Amino acid sequence: MMNKIKIIILIILAILLGLLYTVGCLPGGLSLFPDDPVQSTSDIEISDEDDLSEEQESDIDSKLADLKDGLVSAPVILSHVSGEQIFGSGDKELVFLRGLAEAGNTIEIYVNSILEENDIIADSSGKFETINGIEIIEGKNIIELIAISPSGRKSNSTKFNLLLNVPQKVEYSLYNNPTDLEKIEGIYYTEVNKPQIYLAGTYIPGSNMYIQANDRIIGEAISDENGFFMMENIKLDPGDNEIAVWAITPDDYISAPVFNSIIVFKDIIAPYPSNLTGYQNGGINYIEWAASIDDNFDAYKIVRVEDPCINPEYPDDDTIVTITDQNSTSYVDDDLEDGRSYYYTIWTLDRAGHAVSSNVLALPKPVYTISISKVEAFTDYSVGRREWFYQYYEITNTGNVTLDIQPIMAWVKLNPEPDEEMEITPLWEVHLWDPDNAGIYYYSDEAVYETYLSDWVNTSGNTTVEEEEEIDYDTSIKTITVTETTKKTENNDINLKRIMTVYTVITTTKYDITTSPHTETSETVTYDTITEVVEPEKVGSLIEDLQPGEKIKIGVKIQNISAANNEEITVHLHFAPVDCGGHFFVDEIISTGDVYCKSSGRS
């Protein structure tokens with residue numbers, strides 16, 4: 001009877017092993033009949049009699065023992081359930097597994113088909129755990145565990161899923177200030193002991209944001225409707241600093257803190273200024289300088305302007321290139337306009353924010369020159385009363401810088417010279433105007449009565465005589481004073497300033513008016529000589545901002561107010577190029593020449 005029971009158990013186990021083999025779970029290398037083909041249960045005859053020999057009985061017992069040894073139980077997980085969500089603060093997270101297996105079995109753990117652990121052993125009570133944890137990533141993770149017996153046989157795998165759910169992280173950056181927004185990462189170089197910085201970031205709208213610096217909460221903020229939050233004037237200490245930011249959302253979720261480490265390094269020594277040199281060749285400017293030796297070098301900034309009266313400043317003016325290679329010593333500027341001069345400085349910056357300028361380099365050398373030509377010349381120089389005479393000119397900036405033009409008076413000559421005391425109305429009026437913009441007048445004189453000669457052009461000299469008469473009836477003495485003044489200016493065409501000498505002779509004669517004719521009683525003559533420094537006589541207003549190569553049309557406009565028939569007027573004007581500092585270049589003065597017209601009397 002016992003033999004039959006054993007045979008029945010053997011048949012059941014064989015059926016079970018067949019099923020396991022069918023689903024691929026038969027332990028590797030296991031066979032009930034290693035030396036014979038697998039027998040079907042139909043080939044096993046069960047006799048009603050106890051006719052098994054002792055040898056057959058022993059063989060069955062041996063096969064049962066082998067079958068028991070070949071079956072390895074799959075691990076059982078106690079710490080998690082499949083599909084469990086885990087909330088993490090980053091895109092990776094450690095999880096710690098606990099479970100049961102047969103005592104002494106080794107546990108292999110796979111995460112997303114990658115072997116992560118293979119040296120965990122179930123203790124004598126069958127318990128195991130991952131001491132150091134296993135790493136899962138954001139999203140779905142497939143965890144697979146296999147038990148391995150001491151003999152090397154493997155169990156079926158135990159599979160389950162873990163979902164790592166990562167809430168939105170607090171994102172922020174640190175800057176030197178809210179204006180420049182230079183991002184701070186790692187080491188922060190500064191000129192002061194305890195610099196103040198600016199923090200700005202984003203998170204879930206309506207969250208309470210907490211900012212901590214060096215283990216102390218220094219401020220709170222609320223993220224706005226777009227999730228933006230900020231904080232100014234965060235004070236750092238010299239050396240190591242740790243910033244942490246976290247949030248509590250409107251639904252009371254507390255985010256993980258996000259840390260940022262900064263080392264503050266104080267630098268009080270500014271870089272040495274560079275000496276900028278260069279030349280122009282083929283319409284290209286070549287610039288050179290000596291390399292900086294500053295230990296905390298940050299960058300070179302080359303600044304360029306077109307106005308010679310502006311010192312190219314960083315960061316106010318146009319930075320044409322930033323160079324971060326400390327060993328760089330040259331730059332080629334080919335973005336140029338033909339016929340124009342440019343002005344450069346190179347600024348050496350260090351990481352603490354110091355910025356030191358070089359000298360100003362002009363390429364090519366600035367040239368202040370202008371030319372003038374007569375256009376639309378009048379052939380009829382006669383003008384009736386209340387009529388106008390016009391003469392037009394075109395002035396061109398032939399230099400390489402933007403400049404202004406200063407009108408300069410040379411003379412207004414009348415012929416014949418009228419008796420000013422007899423004139424009750426002006427004879428002429430003279431204007432300098434822009435015919436393309438009729439409302440713009442650069443010079444106007446609406447009351448010309450007499451000849452006028454400016455001292456600066458009076459190189460030939462001229463003499464004026466004035467006479468005054470005074471009678472003292474108490475003493476019956478008449479005094480006549482004649483003042484003769486002669487002015488002459490030294491001719492110096494290459495100097496802005498000239499020396500004018502003024503000679504004055506005063507003759508005072510006294511007469512006795514009680515006699516007839518009056519008797520001269522005395523005469524006194526005095527002499528005086530003085531010198532003065534004279535310059536071109538600037539008149540009117542500047543013609544402004546003429547670009548290199550630009551032309552402007554101007555007109556000399558003369559009206560005959562009350563001049564008699566055949567009376568003449570000659571007007572002579574100069575023009576000088578002027579830089580933006582108000583300095584004008586006398587050696588580049590141009591002239592209208594004599595502008596002449598004659599009165600034809602009453603119209």
Side-chain angles (χ1 to χ4, degrees), residues 180 271-292 294 297-350 355-373 394-406 436 542-554 575-590:
D180 298 334
Y272 290 108
S274 297
N275 180 37
L276 197 60
T277 61
Y279 60 94
Q280 186 179 76
N281 185 25
I284 297 175
N285 289 341
Y286 296 86
I287 303 170
E288 297 176 346
W289 64 90
S292 172
D294 192 272
F297 170 85
D298 183 46
Y300 299 114
K301 302 277 187 178
I302 298 181
V303 181
R304 186 186 77 181
V305 298
E306 298 175 3
D307 190 334
C309 288
I310 295 178
N311 188 40
E313 296 284 347
Y314 171 81
D316 298 335
D317 296 313
D318 183 20
T319 298
I320 60 172
V321 67
T322 298
I323 301 172
T324 56
D325 179 5
Q326 185 169 359
N327 296 320
S328 179
T329 58
S330 63
Y331 177 72
V332 176
D333 184 12
D334 57 3
D335 184 17
L336 308 176
E337 181 181 331
D338 289 341
R340 182 178 287 280
S341 180
Y342 294 90
Y343 303 86
Y344 301 89
T345 53
I346 184 168
W347 293 74
T348 305
L349 280 63
D350 67 13
V356 179
S357 174
S358 70
N359 56 299
V360 179
L361 173 67
L363 290 178
K365 178 182 177 181
V367 176
Y368 292 85
T369 55
I370 52 178
S371 65
I372 189 169
S373 59
E394 187 175 75
I395 298 178
T396 304
N397 181 354
T398 55
N400 58 14
V401 294
T402 301
L403 49 77
D404 299 332
I405 299 175
Q406 174 64 62
D436 294 330
L542 288 172
I543 303 170
E544 296 181 322
D545 296 329
L546 199 64
Q547 302 291 322
E550 185 180 357
K551 302 176 184 294
I552 186 171
K553 188 176 181 181
I554 62 169
F575 301 93
V578 183
D579 68 18
C580 53
H583 309 291
F584 60 98
F585 300 83
V586 66
D587 51 337
E588 301 298 340
I589 282 178
I590 58 173

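In what follows, every heavy atom counts, from backbone to side chain, and hydrogens, waters and symmetry copies are set aside. The structure displayed is predicted, hence computed values, not measured ones.
Residue Asp338 qualifies as open at atom CG: its count of foreign heavy atoms under 6.0 Å is 12 or below.
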With a 3.5 Å cut-off and sequence neighbours excluded, list the donor-acceptor pairs that the side chains of residues 364-373 form with protein atoms.
| residue | atom | partner | partner atom | Å |
| --- | --- | --- | --- | --- |
| Thr369 | OG1 | Thr398 | O | 3.4 |
| Thr369 | OG1 | Thr398 | OG1 | 2.8 |
| Thr369 | OG1 | Gly399 | N | 3.2 |

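With values rounded to the nearest 0.5 angstrom, Leu542 atom CG is found 9.5 Å from Ile405 atom CD1. Between Glu394 atom CD and Lys551 atom NZ the span is 5.0 Å, to the nearest 0.5 Å. Between Leu361 atom CG and Ile302 atom CD1 the span is 10.0 Å, to the nearest 0.5 Å. In this structure, CG on Leu349 lies 8.5 Å from OG1 on Thr322, to the nearest 0.5 angstrom. Considering CG of Asn281 and CD1 of Ile284, their distance stands at 8.0 Å, rounded to 0.5 Å. Within the model, atoms CD of Gln326 and OG1 of Thr348 stand 9.5 Å from one another, a figure rounded to the nearest 0.5 Å.
Partners of Ile310 under the side-chain contact (heavy atoms from CB on, under 4.5 Å) rule, at least two apart in sequence or in another chain, are Val305, Asp307, Asp317. Residues passing the side-chain hydrogen bond (donor to acceptor under 3.5 Å, both in side chains) test with Tyr342, sequence neighbours excluded: none. Applying the ring pair (Phe, Tyr, Trp, His ring centres under 6.0 Å) test to Tyr314 and every residue at least two apart in sequence or in another chain returns nothing. Not a single ring pair (Phe, Tyr, Trp, His ring centres under 6.0 Å) links Tyr272 to another residue, sequence neighbours left out.
A donor-acceptor pair shorter than 3.5 Å can be found between the side chains of Asn285 and Gln280.
Using a distance-only test at 3.5 Å, with no hydrogens or angles considered, no donor-acceptor pair links the side chain of Thr324 to the main chain of Ala299. Of the possible donor and acceptor atoms, one in the side chain of Ser358 sits under 3.5 Å from a partner among the backbone N and O of Ile346.
For residues 327-337, the set of pairs meeting the side-chain hydrogen bond (donor to acceptor under 3.5 Å, both in side chains) definition, not counting sequence neighbours, comprises Arg304-Asp333, Asp333-Tyr344.
When side chains are defined from C-beta on, Asp404 does not count as touching Phe584, because their heavy atoms never get closer than 4.5 Å. Between Thr402 and Arg340, some side-chain heavy-atom pair lies under the 4.5 Å cut-off.
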